[in-house]
Amino acid sequence: MLCENRHSQSASPRLIRNCGHRRTVTVRAAFILFIAGLVLTGCDGPNAKVGEKQDKADAAANGSAYSGTGPNERIGRAVDRADRAAQNARDASATAVRKQGDSIQQQANIGATRLDEQAKAMRSAADRRAAALEVNANKAAAH
């Protein structure tokens, strides 16, 4: 079963149905990343947690009650947001590189198919020439 992009039969059925566009896989991955982002947004990151501990320690050292948020925690949250943004940028870059690799592979497959067709045509022409030469040789041997 080959689609217009000439996937082999060993390709997964999901990819054959999508003919190399990998729409289902991409949508599913985007949804998972979106949900993960929502979950992470609601949680304090490691820098915010460290900042909260520092604010609690500062409050205890000053003899005041910890109010729930302090400057170190806010700084930690900002650092966590920057870290997440940088990770998202790296993920996007990796996705772009993968897509570029897929494109290069697809072009190579097209080139290979073209070469296969040329090889078949050359073999066929060679077989016809060999058959014609054999007919001529048989005629010459008969005379």
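Because only heavy atoms are used, hydrogens play no part in the values below, and waters and symmetry mates are left out as well, while side chains stay in.
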Exercise. Going through the checks in order, is the side chain to side chain contact (heavy atoms under 4.5 Å, CB included) test met by Q87 and R90?
Worked result: CA-CA 5 Å; Q87 181 62 45; R90 285 190 298 272; 2.8 Å; yes
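Proximity of Q106 to D102: side-chain heavy atoms (C-beta onward) are nowhere separated by under 4.5 Å. With a 4.5 Å cut-off on side-chain heavy atoms, T69 and R74 count as touching. Between R81 and R84, the closest side-chain pair of non-hydrogen atoms falls below 4.5 Å.
Side-chain atoms of N47 never come within 3.5 Å of backbone atoms of V79 as a donor-acceptor pair (strictly under, hydrogens ignored). The backbone N or O of G70 sits less than 3.5 Å from a side-chain atom of D55, completing a donor-acceptor pair. T95 places a side-chain N or O within 3.5 Å of a backbone atom of D91 that can act as its donor or acceptor partner. A donor-acceptor pair under 3.5 Å links the side-chain atoms of T113 to the main chain of N109, judged by distance alone.
From S103, atom OG reaches atom CD of Q107 across 5.5 Å, with rounding to the nearest 0.5 Å. Interatomic distance, CD of Q54 versus CD of E73, reported as 11.0 Å (0.5 Å rounding). The structure places CG of L115 at 12.0 Å from CD1 of I110, a figure rounded to the nearest 0.5 Å.
Closest approach of A48 and R77 over heavy atoms only: CB-CG, 3.5 Å.
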